Amino acid sequence: MIDLKRVRSDYPAVAAALARRGTDDLDRLERVRALDEDHRAVETRRNEVRSEIKALSRTVGDLRRDGRMDEAERVADESRQLGETERELDAREADLQASIRQILLVIPNLPADEAPDGGGPDDNVEIRRGGRSAEGWEECQRVPHWEIGEALGILDLERAVRMSGSMFTMFRGMGATLSRALCQLALDTNADAFEEVRPPSLVLGDTMVSTGHLPKFSDDAYHVTRDDLWAIPTAEVPLTSLARDEILDEAILPMRLMAHTACFRREAGSAGRDTRGLLRVHEFDKVEILAYATPEQADAVHADLLARAERLLDQLGLAYRVLDLCAGDLGQSSRRTFDLEVYAPGVDQWLECSSVSWFGDYQARRAHIRYRPSGGGSPVPVHTLNGSALAVPRVWAALVETHRQPDGSVRMPEVLHPYLRGATSIVA
RNA sequence: GGAGGGAUGGCAGAGCGGACGAUUGCGACGGUCUUGAAAACCGUUGAGGGGCGACCCUCCGGGGGUUCGAAUCCCCCUCCCUCCGCCA
């Protein structure tokens, strides 16, 4: 959530920042501002009435102790009258508060000043390329991964669809081993600074609200209605809620966590897009890296997360590019995001394989995660940041296409060998 | 799933319906004393919200209710513990 106090004290700046997203949220912002004024007026009056009731009640007690029953009853009666006013104001106060929160929960984060201008994906700024060159491909590398996977017996989409429906996948043999190897590599590479966590895959609605996945994007997530639980779309969800309702010591920040989990996405609204192969699937494995930080640390932590995600692609011998997302393409909770796109020569596409985001205190406000400054003073919301260290399907696809040899086998980059029981390539 | 017990401040642990936002102990912080430390003593020590401010309001697992007044009484829910059942 954006800071209501800032809406109050700095409305023009908040509105201007929000406007950069090019959404219709300015109406919402204005409604929040008006409701907030009403709310504070009602709250103040309600508190005055309550205070009066408390005073009268105390008087009743005193009078009764003194045996002045008639007077006590008269004062009690007066208090009874006020009780009605109190109930009325209280209901209005609660209503206003709920309305404000409801709107606040769907107002997106304010883009960072540094985020480039722009209204959509076309305005994202490519800030660099890394890994191997994205040019100069051999004919043998121009084969889509689903064909490679089938030929080598390492990808079994047909049977996956039979058991789970379209956009579900199944790796087999060395394909499955490769999938696991990628995750282990990602985990091991980041174990120097990140605590490994194995969180739940099903979470309560509140947990999804904390990160911003609910209430606005409920169509994108799987909902187990019988038990009212949600399948996590990313480990960001449980990892962010790990510190929910807590006050952290500044000394432990930045606090870094990583997790390998399955991720579930309904991919509603993308029917018919990228339907072949591994480009868009309902369930996939991912290693997420995440940090809680102070505002002062956030920039450096953001850069570090990005560097770590890049390093893996580099080690895997893939071609990738880094995009600085423009204000109009930023996810709801993010104020600054770098996307990593890996080039897959077989399908001739840049595939988004990581989003490294800085959320400011937007998620921390929703999740009530604060830290107590070492210098003393009241707790303040932490900043949260996260990114995919490695998301399996698209990296798997790019890897298999990039490293395909003229004989149809797929050479495995050296970093993976220890995780592949020593195998250096995948052959038919 | 069935039966019983519990949930209070960082922790431990009190709390006849009316000076209880909450005794006390520990911990933490500040101070006195000390060459330094320990001990002892004194003091401070939860969170959220409103108001320019004096100050006011809320929070004793959550939600309802009774009452002039609820941490204290009633109802529902959640979670934890013990026992039984089931189970990877």
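Bear in mind that the values here come from a model prediction, so they are computed numbers and not experimental data.
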Novice: If the P atom of B/U24 is compared with that of B/U44, how far apart are they to the nearest Å?
Specialist: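 Nearest-Å result for B/U24 against B/U44 at atom P: 11 Å.
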Novice: Say we look at B/A14 and B/A71: how far apart would their C1' atoms be, to the nearest angstrom?
Specialist: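 So the two C1' atoms sit 12 Å from each other.
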Novice: When rounded to the nearest Å, what value does the distance between P atoms of B/A54 and B/A38 take?
Specialist: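 Going atom to atom, P in each nucleotide, I get 37 Å.
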Novice: Remember a base hit wins even if backbone is also touched, and classify A/R8 as base, sugar-phosphate or nothing at under 4.0 Å, heavy atoms.
Specialist: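 Sugar-phosphate: the residue A/R8, judged by heavy atoms under 4.0 Å, touches backbone atoms but no base.
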Novice: Could you pull out all donor-acceptor pairs under 3.5 Å where a side-chain atom in residues 109-117 of chain A meets a protein atom, sequence neighbours excluded?
Specialist:
{"residue": "A/N109", "atom": "ND2", "partner": "A/S333", "partner atom": "O", "Å": "2.9"}
{"residue": "A/N109", "atom": "ND2", "partner": "A/F359", "partner atom": "O", "Å": "3.0"}
{"residue": "A/D117", "atom": "OD1", "partner": "A/R20", "partner atom": "NE", "Å": "3.1"}
{"residue": "A/D117", "atom": "OD1", "partner": "A/R20", "partner atom": "NH2", "Å": "2.9"}

Novice: Going by the rule side-chain contact (heavy atoms from CB on, under 4.5 Å), which residues pair with A/D10 if we only count those two or more places apart in sequence or in a different chain?
Specialist: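 With neighbours one apart ignored, the set is A/R6, A/A13.
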Novice: Residues two or more places apart in sequence or in another chain: which of them pass side-chain contact (heavy atoms from CB on, under 4.5 Å) with A/A186?
Specialist: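 A/V287, A/L312, A/A389, A/L390.
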Novice: Where does RNA chain B form stems of at least three consecutive Watson-Crick or G-U wobble pairs, each pair having both distances below 3.5 Å?
Specialist: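 Stem list for RNA chain B: B:1-7 with B:78-84, B:10-12 with B:24-26, B:27-32 with B:40-45, B:46-50 with B:55-59, B:61-65 with B:73-77.
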Novice: What are the bounds, 5' to 3', of the part of RNA chain B that sits under 4.0 Å from heavy atoms of chain A?
Specialist: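 Using the under 4.0 Å cut-off, the span is B/G18 to B/G69.
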Novice: Can you tell me, in whole Å, how much space there is between the C1' of B/U67 and that of B/C75?
Specialist: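 Those two atoms are separated by 16 Å.
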Novice: How far does the P atom of B/G9 sit from the matching atom of B/G63, given to the nearest Å?
Specialist: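 Each nucleotide's P atom is 16 Å from the other's.
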Novice: Does a side-chain N-to-carboxylate-O contact under 4.0 Å join A/R311 and A/D314?
Specialist: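 Salt bridge absent between A/R311 and A/D314.
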Novice: Under 6.0 Å between the ring centres of A/F338 and A/H302?
Specialist: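 They qualify: ring centres under 6.0 Å apart.
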Novice: For the P atoms, the ones on B/C74 and on B/G18, what distance do you get once it is rounded to whole angstrom?
Specialist: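 Per the computed distance, 16 Å lies between those P atoms.
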Novice: Please find the pair of heavy atoms, one from A/L239 and one from A/Y292, that lie closest to each other, and give the distance.
Specialist: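 Closest pair (atom of A/L239, atom of A/Y292, distance): O-OH, 2.5 Å.
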Novice: Which is more 5' along RNA chain B, the nucleotide nearest A/G61 or the one nearest A/P379? Just name the residue.
Specialist: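 Mapping each residue to its closest nucleotide by heavy atoms, the 5'-most match is A/G61.
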Novice: Can you list the residues that meet the salt bridge (charged side-chain N to carboxylate O under 4.0 Å, His left out) rule with A/D192, with sequence neighbours excluded?
Specialist: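 A/D192: salt bridge (charged side-chain N to carboxylate O under 4.0 Å, His left out) contacts with A/R308.
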Novice: Tell me which residues in residues 63-85 of chain A put a heavy atom below 4.0 Å from RNA chain B, sorted by number, or none.
Specialist: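 RNA chain B contact set from residues 63-85 of chain A: A/R64, A/R65, A/A76, A/S79, A/R80.
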Novice: Which whole number of Å gives the distance between the C1' atom of B/G46 and that of B/G1?
Specialist: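 Looking at atom C1' only, B/G46 and B/G1 are 40 Å apart.
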Novice: Counting only non-hydrogen atoms, which of residues 244-254 of chain A are less than 4.0 Å from RNA chain B?
Specialist: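 Of all residues in residues 244-254 of chain A, none places a heavy atom under 4.0 Å from RNA chain B.
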Novice: What residues, two or more places apart in sequence or in another chain, satisfy salt bridge (charged side-chain N to carboxylate O under 4.0 Å, His left out) together with A/R336?
Specialist: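 Per chain and number, A/R336 pairs via salt bridge (charged side-chain N to carboxylate O under 4.0 Å, His left out) with A/D324.
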Novice: So if I apply the ring pair (Phe, Tyr, Trp, His ring centres under 6.0 Å) rule between A/H223 and each of A/W230, A/F217, A/F264, which one comes out positive?
Specialist: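 Between A/H223 and the candidates, ring pair (Phe, Tyr, Trp, His ring centres under 6.0 Å) is satisfied uniquely by A/W230.
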Novice: Mapping A/N47 and A/V60 to their closest nucleotides on RNA chain B, which lands nearer the 5' end?
Specialist: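 Result: A/N47.
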Novice: With rounding to the closest Å, how many angstrom separate the P atoms on B/C60 and B/U23?
Specialist: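 About 15 Å, rounded to a whole number of Å.
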Novice: Just jot down the salt bridge (charged side-chain N to carboxylate O under 4.0 Å, His left out) partners of A/E73, sequence neighbours excluded, or say none.
Specialist: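 Result, salt bridge (charged side-chain N to carboxylate O under 4.0 Å, His left out) vs A/E73: A/R80.
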Novice: What side-chain donor-acceptor pairs closer than 3.5 Å can you find for residues 206-213 of chain A, not counting sequence neighbours?
Specialist:
{"residue": "A/T207", "atom": "OG1", "partner": "A/R244", "partner atom": "NH1", "Å": "3.2"}
{"residue": "A/S210", "atom": "OG", "partner": "A/D206", "partner atom": "O", "Å": "3.2"}
{"residue": "A/T211", "atom": "OG1", "partner": "A/M208", "partner atom": "O", "Å": "3.3"}
{"residue": "A/T211", "atom": "OG1", "partner": "A/H213", "partner atom": "ND1", "Å": "2.8"}

Novice: For A/H282 and A/E267, run side-chain hydrogen bond (donor to acceptor under 3.5 Å, both in side chains): C-alpha distance rounded to whole Å, both residues' side-chain angles, the deciding distance at 0.1 Å, then the answer.
Specialist: CA-CA 7 Å; A/H282 285 316; A/E267 298 294 345; over 6 Å; no
Novice: Give a yes or no on this: more than 12 heavy atoms of other residues, nucleotides or ligands lie within 6.0 Å of atom CG of A/D245.
Specialist: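 Yes, CG of A/D245 has more than 12 neighbouring heavy atoms, counting only those of other groups under 6.0 Å.
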Novice: Indicate every side-chain donor-acceptor pair of residues 171-184 of chain A with a distance under 3.5 Å to a residue at least two apart or in another chain.
Specialist:
{"residue": "A/R172", "atom": "NH1", "partner": "A/D156", "partner atom": "OD2", "Å": "2.8"}
{"residue": "A/T177", "atom": "OG1", "partner": "A/G173", "partner atom": "O", "Å": "3.1"}
{"residue": "A/R180", "atom": "NH1", "partner": "A/Q184", "partner atom": "OE1", "Å": "3.1"}

